[in-house]
Amino acid sequence: MLFDIKEAMREIKRGTAEIIDEERIEKLLKNFLETGENYTVKAGFDPTAPDLHLGHTVLIQKLALFQQYGGIVQFLIGDFTGMIGDPTGKNETRKKLDRETVEKNAQSYKEQVFKILDPKKTEVVFNSTWLDKLGAAGLVELTTTFNVARMLERDDFDKRYKSQTAISISEFLYPLLQGYDSVALKSDIELGGTDQKFNLLMGRTLQRTYNTGKEQAVLMMPLLEGLDGVNKMSKSLNNYIGVTEEPNTMFGKVLSASDELMWRYYDLLSTRSIAEIEDLKSEVATGSMHPKAVKEHLACEIIERFHSQEDALKAKEEFDRVHKQSEIPSDIKEYALEGPLWIAKALVDAKISPSTSQSRRDIKQGAVKINQEKISDEQLQLQTGEYILQVGKRKFAKVKVS
RNA sequence: GGUGAGUUACUCAAGCGGCCAAAGAGGGCAGACUGUAAAUCUGCUGGUUUUUACCUUCGAAGGUUCGAAUCCUUCACUCACCA
């Protein structure tokens, strides 16, 4: 497998927030080219039930990129550290998951992650494997390698310390243990989010302290913005695209991103080369290509990755049919209801309106359609029969009134 | 431990006895316009077929009052300053 180092480095650097020890990465690539010797790329994940969205896949795709250039991915599931809880978050102490649950979650990780990663070049590892063995003595030894003052350099510790918010001792252990993972795994490179900087550097420090003969390079990826273009992608903000979502949903969500955000997504999510993306940009700039078409390509690429090419094409056709020809989607939810039924109630029963009050408002605004006909009578009763109900442009339901 | 300030709808934030389902902003939903969006303009944004009405909601529980988000008491939590 041959590749151009400069080109490879450009792709590796693409979209990254920060790289520490870039020369090391270049050396590893060069060495691989010359001797065929692989190197390891570590990334850690929570042991909780994975429900990945595109924000997570930014990092995973970067891992996949390294696999093209001789990297062996160490996909670390933090089943031990998981019970401490990363202090970056809300500082809740979590329960240790039992073996069975961890295994189950790991399996589900594999299903989602191997759509991007090459399983042949991936080792799935659990940090309880070595951390369980570390024991009290080993743990104490680990703590002697670091002092409190340096620990407090970490931004959020610093803030919490100064504002006298509680910091549990166990939280100090988190970075140490995560760093120790790098010692145990002898990782050459570690990937993580920008919020993980302190922990990632800890791995580097500890590798030196423990004389592993390695000092991992660190590559940090930014947090991907969600569909609103402002906040980070997250499920709770409902601005995410989940990797297990339906093709039609994915397509609609990608298309609903703004033009500006689309380019950000290209940079971080597309496997197209930098040059290809530049071409697309200039074609849009000169008007020879419509931004919508570019967005459609991206949507299809993402759907192909998690579903199939066929699904992508279907999703596109479906989207055009609904939005261009304003026809009705091909498969909509069906509800059997008893009539006669007040229209406002029917919308609630068909789950396309949260309350009858909301239904009334929507009807007043002309947002409600029955069989494609706009209605204005909020007292309307549905008699026996089949109806296609619609609220706004997106919410459809078929009801059978009996 | 002491003193002071605060807790209002999805979020921030006004209100300080009746005109309060509660200003304003953001977010969200919808309509127009589009390329599907974004931007812009407009409307809506607790619930209930009594819809110029009724019911529930202003940290929790009691109380005063014809009437409380607003006053009083207790409790819980958050924050600031002091120790």
Side-chain angles (χ1 to χ4, degrees), chain A residues 90-91 159-166 225-241 247-266 280 283-300 302-303 312 315-329 337-370 372-383 389-397 401:
Chain A
K90 299 280 143 57
N91 69 27
K159 265 185 214 141
R160 282 162 65 192
Y161 183 66
K162 281 186 180 147
S163 70
Q164 298 175 24
T165 314
E225 294 84 353
L227 292 167
D228 54 30
V230 182
N231 298 301
K232 70 166 186 179
M233 186 175 279
S234 82
K235 204 163 185 184
S236 52
L237 290 172
N238 197 30
N239 61 359
Y240 72 103
I241 302 178
N248 289 342
T249 314
M250 280 188 174
F251 198 92
K253 282 188 177 183
V254 174
L255 271 272
S256 80
S258 73
D259 287 3
E260 205 184 333
L261 188 63
M262 159 179 87
W263 295 119
R264 178 85 174 142
Y265 280 13
Y266 258 104
L280 285 176
E283 278 179 68
V284 168
T286 58
S288 63
M289 196 160 179
H290 198 287
K292 190 190 172 200
V294 182
K295 223 175 274 181
E296 284 171 344
H297 284 311
L298 180 65
C300 287
I302 290 169
I303 295 168
K316 180 177 157 22
E317 278 167 27
E318 178 77 9
F319 189 87
D320 281 344
R321 198 168 68 243
V322 176
H323 292 274
K324 245 191 209 157
Q325 280 104 37
S326 57
E327 283 176 19
I328 288 156
L337 305 171
E338 275 190 32
L341 188 61
W342 181 36
I343 177 64
K345 189 77 172 49
L347 296 176
V348 175
D349 288 346
K351 311 234 161 52
I352 51 178
S353 179
S355 68
T356 54
S357 296
Q358 183 63 44
S359 299
R360 282 164 165 275
R361 283 183 220 117
D362 286 337
I363 293 167
K364 255 181 227 162
Q365 297 194 99
V368 175
K369 289 180 188 165
I370 298 177
Q372 311 252 56
E373 295 282 329
K374 198 176 278 186
I375 62 160
S376 55
D377 176 14
E378 58 183 61
Q379 296 301 328
L380 190 83
Q381 298 289 327
L382 292 181
Q383 304 302 325
L389 305 181
Q390 182 181 357
V391 179
K393 284 170 192 153
R394 288 186 186 155
K395 284 165 276 183
F396 295 89
V401 179

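Between the CG atom of L382(A) and the P atom of U49(B) there is a distance of 15 Å, rounded to whole Å. Rounded to whole Å, atom C1' of U11(B) lies 11 Å from atom CG of N231(A). Rounded to an integer number of Å, the gap from CG of L261(A) to C1' of G35(B) is 16 Å. Computed from coordinates, the F396(A) CZ to A30(B) P distance equals 11 Å when rounded to whole Å.
Atom name C1', nucleotides G31(B) and A14(B): the rounded distance is 30 Å, in whole Å. A gap of 14 Å separates the C1' atoms of A9(B) and A25(B), to the nearest Å. Remark: the separation of the C1' atoms in C19(B) and A69(B) is 16 Å, to the nearest Å. The P atoms of C20(B) and G46(B) are separated by 15 Å, rounded to the nearest whole Å. Atom C1' of A60(B) sits at a distance of 27 Å from the matching atom of C54(B), rounded to the whole Å. Rounded to whole Å, the C1' atom of C72(B) lies 23 Å from the corresponding atom of U78(B). The separation of G59(B) from U7(B), taken at their C1' atoms, amounts to 5 Å, rounded to a whole angstrom. U45(B) and C10(B) have their C1' atoms separated by 10 Å, given to the nearest Å.
Distance from the side chain of Q381(A) is smallest to U49(B) among A30(B), U36(B), U49(B). Here A30(B) is the nucleotide among U49(B), U36(B), A30(B) with the atom lying nearest to any side-chain atom of Q365(A). With distances taken from any side-chain atom of R361(A) to the nucleotides U48(B), U36(B), C44(B), the minimum falls on C44(B). Nearest nucleotide to the S258(A) side chain, out of G35(B), A38(B), U51(B): A38(B).
Residue S355(A) has no polar side-chain atom (N or O) positioned under 4.0 Å from OP1 or OP2 of G46(B). Put simply, T356(A) has a side-chain N or O that comes within less than 4.0 Å of OP1 or OP2 on U48(B). Between K393(A) and A37(B), a side-chain N or O to OP1/OP2 separation shorter than 4.0 Å is present.
Distance alone, capped at 3.5 Å, places no donor-acceptor pair between the Y265(A) side chain and the A257(A) backbone. Between the side chain of S288(A) and the backbone N or O of V284(A) there is no donor-acceptor pair closer than 3.5 Å.
Checking A21(B) for Watson-Crick or G-U wobble geometry (two distances, each under 3.5 Å) identifies no partner in any strand. For U40(B), the paired nucleotide is A32(B), the pair qualifying as Watson-Crick or G-U wobble because both relevant distances are below 3.5 Å. A 3.5 Å limit on both hydrogen-bonding distances identifies A60(B) as the Watson-Crick or G-U partner of U74(B). In this structure, A53(B) and U48(B) make a Watson-Crick or G-U wobble pair, each of the two defining distances being under 3.5 angstrom. As the counterpart of G4(B), C79(B) is assigned, both hydrogen-bonding distances of the Watson-Crick or G-U wobble pattern falling under 3.5 Å.
Within the 4.0 angstrom heavy-atom criterion, base atoms lie near H290(A). As judged by a 4.0 angstrom heavy-atom cut-off over every strand, K253(A) is placed among residues making no nucleic acid contact. Here K364(A) lies out of heavy-atom contact (under 4.0 Å) with every strand. S357(A) comes within contact range of at least one nucleobase, with a heavy-atom separation under 4.0 Å.
Side-chain contact between L227(A) and I241(A): present, with at least one pair of heavy atoms (C-beta onward) separated by less than 4.5 Å.
Open room surrounds CD on E260(A); 12 or fewer heavy atoms of other groups in view lie less than 6.0 Å from it. By the neighbour-count criterion of 12 heavy atoms within 6.0 Å, atom CD of Q372(A) is densely surrounded, having more than that number from other residues, nucleotides or ligands.
Using a 5.5 Å limit on the distance between ring centres and a 30° limit on the angle between planes, the aromatic ring of W342(A) counts as stacked on the six-membered base ring of U49(B).
With hydrogens and angles ignored, a donor-acceptor pair under 3.5 angstrom links the side chain of D259(A) to the base of G35(B).
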